[in-house]
Amino acid sequence: MRALITGGAGFIGSYLAESLLEKGWHVSIIDDLSTGSILNIEQIKDHPRFQYAINSIMNAPLMAELVDWADCVFHLAATVGVRLIVESPVRTIETNIKGTEIVLEMAAKKGKKTLITSSSEVYGKSVNVPFREEDDLVFGSTTRARWSYACSKAIDEFLALAYYREKKLPVVVARLFNTVGPRQTGAYGMVIPRFVHQALKSEPITVYGNGAQTRTFTDVHDVIWALRHLMEEPAACGNVFNIGGVTEITILDLAQRIIKLTESFSQISFIPFEKAYDNMNFEDMMRRVPDIEKARKIIGFNPTSDIDGMLIKIIDHIKTDMNKQDGGDPF
Ligand code: UDP
């Protein structure tokens with residue numbers, strides 16, 4: 001099998017590339033390194049079944065060539081990270097919508113199976129947990145930039161399902177829930193690498209709001225397992241799947257666990273949302289829990305990773321990174 005991975009030098013994309021190579025696939029990636037990094041593909045750069053293009057998915061002629069070469073497309077390229085979304089809404093909307101349009105258009109011309117990665121953000125501020133794929137989506141006002149990400153991902157989903165119905169493109173949508181693991185950067189707001197860096201440097205841990213908001217963190221290995229199986233399962237086509245972990249945790253509890261596991265002297269500092277996002281009219285969602293029955297039924301998805309196990313791996317990685325001469329992840 002030949003796979004094209006858009007966003008293949010990103011955190012999740014690079015793990016997916018590695019695992020497909022291990023399974024004997026040929027892998028081609030495209031990444032503009034906006035949030036990805038060449039360091040993420042360092043170990044596979046010279047692999048005989050791997051090729052990479054440092055370029056934009058907006059480059060339609062190049063995308064046509066790459067899709068042509070591939071048997072299937074994993075579309076992971078997107079503007080991600082709450083900080084980036086709030087600060088660069090134009091880029092968020094354009095990359096997420098135009099980019100997906102180009103991918104789907106090229107894939108449809110050649111009938112190549114495509115997996116579109118979406119996000120648990122699409123559930124918006126719904127409080128109806130656990131979230132099921134057919135649930136209503138509840139977005140805030142367009143005056144709050146955060147919702148542009150949720151809406152752009154929802155449009156991606158609509159578009160993918162439209163291509164499935166109208167153009168008969170075999171396409172599947174995966175809604176990812178806070179994927180975490182070593183190599184994730186905290187530079188764009190992601191909470192775990194930020195807290196771990198703060199704890200290791202004995203700096204205050206910046207809990208936004210009162211820390212009662214929850215997330216369900218998902219090990220990147222569980223996520224890439226699911227992405228590959230969704231691609232390989234014909235019955236998944238035309239469907240949307242939640243891909244998320246099983247343990248809901250408050251952000252305050254997360255901060256306390258990280259302090260404990262790093263044996264840090266850091267204190268917790270509660271930062272009001274207005275301050276955290278420079279008064280950019282921010283709104284957080286209070287709970288985020290997936291119902292994963294649908295993925296369990298169709299591909300046997302059964303994420304097992306526990307939060308402390310995931311945190312220990314991430315802490316070890318960040319410790320090693322910080323000990324390197326360049327100081328590691330810059331934020
Ligand atoms: N968060 C926090 N402190 C930080 C960064 C994030 O308290 O320094 C909170 C954030 O408000 C959210 C949660 O951690 O409730 C997860 O944030 P992240 O940006 O990782 O992902 P999100 O789920 O918001 O997309």
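All values derive from a computational prediction rather than experimental measurement. Read the numbers this way: they start at 1 and go in the same order the structure lists the ligands and their atoms.
The closest protein non-hydrogen atom to atom 8 (O) of ligand 1 is Arg194 NE, 2.8 Å. The single protein non-hydrogen atom nearest to atom 17 (O) of ligand 1 is Val191 CB, 3.9 Å, given as residue, atom name and distance. Among all protein heavy atoms, the one lying closest to atom 9 (C) of ligand 1 is Gln213 NE2, 4.0 Å. Scanning the protein for heavy atoms near atom 24 (O) of ligand 1, the closest one is Arg146 NH2, 3.2 Å. Counting protein heavy atoms only, atom 3 (N) of ligand 1 is closest to Thr206 O, 2.6 Å. Atom 7 (O) of ligand 1 has as its closest protein heavy atom Tyr208 N, 2.8 Å. Protein heavy atom nearest atom 21 (O) of ligand 1, with residue, atom name and distance: Asn178 ND2, 3.4 Å. For atom 10 (C) of ligand 1, the closest non-hydrogen atom on the protein side is Asp284 OD2, 3.8 Å.
For ligand 1, the atoms lying closer than 4.0 Å to a non-hydrogen atom of Phe195 are 2 (C), 3 (N), 4 (C), 7 (O), 8 (O). Interface of Val207 with ligand 1, defined as ligand atoms under 4.0 Å from a residue heavy atom, comprises 7 (O). Near Met190, with a cut-off below 4.0 Å to any heavy atom, the atoms of ligand 1 are 20 (O). Shown in contact with Phe273 at under 4.0 Å from a heavy atom are these atoms of ligand 1, numbered in order with element: 11 (O). Heavy-atom contacts of Glu121 reach the following atoms of ligand 1: 25 (O) (cutoff under 4.0 Å).
The closest approach between any non-hydrogen atom of Tyr188 and ligand 1 is not below 4.0 Å. Put simply, part of Arg288 is less than 4.0 Å from ligand 1, judged by heavy atoms. Using 4.0 Å as the threshold, His197 has no heavy atom nearer than that to any atom of ligand 1. Not a single heavy atom of Met285 lies less than 4.0 angstrom from ligand 1.
Under the 4.5 Å side-chain heavy-atom criterion for grouping Ile, Leu, Val, Met, Phe, Trp and Tyr, Ile312 is not connected to Val246 through any hydrophobic cluster. Grouping the Ile, Leu, Val, Met, Phe, Trp and Tyr side chains by contacts below 4.5 angstrom, directly or via other members, places Val223 apart from Phe217. Hydrophobic clustering (side-chain heavy atoms under 4.5 Å, transitive across Ile, Leu, Val, Met, Phe, Trp, Tyr) groups Trp225 together with Leu115.
Annotation for Phe139: hydrophobic cluster partners, listed by chain and number, are Val122, Tyr123, Val129, Phe131, Leu137, Trp147, Phe177, Met285, Val289 (ILVMFWY side-chain heavy atoms under 4.5 Å, direct or chained). Through direct or indirect side-chain contacts shorter than 4.5 Å among Ile, Leu, Val, Met, Phe, Trp and Tyr, Ile97 is connected to Ile93, Ile155.
Considering Ala276, Ser269, Gly189 only, the shortest heavy-atom separation from atom 19 (O) of ligand 1 involves Gly189.
At a threshold of 4.5 Å between non-hydrogen side-chain atoms, the residues Val173 and Phe241 do not count as touching.
Closest non-hydrogen pair, Thr185 versus Met190, comes out as O-CB, 3.7 Å. Closest approach of Cys237 and Pro170 over heavy atoms only: SG-CB, 3.7 Å.
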| request: Step by step, work out the side chain to side chain donor-acceptor pair (under 3.5 Å) result for Gln198 and Thr206. | output: CA-CA 8 Å; Gln198 291 165 343; Thr206 55; 2.9 Å; yes

| message | Run Asp68 and Lys110 through salt bridge (charged side-chain N to carboxylate O under 4.0 Å, His left out) and show every step you take. | response | CA-CA 7 Å; Asp68 215 17; Lys110 305 283 176 171; 3.2 Å; yes

| field | Test salt bridge (charged side-chain N to carboxylate O under 4.0 Å, His left out) applied to Glu18 and Arg183, step by step | value | CA-CA 13 Å; Glu18 272 172 26; Arg183 298 214 291 249; 3.2 Å; yes

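With a 4.0 Å cut-off on non-hydrogen atoms, Ile251 touches ligand 1 through its side chain and not its backbone.
A ring-centre distance under 6.0 Å is found for His221 and Tyr15.
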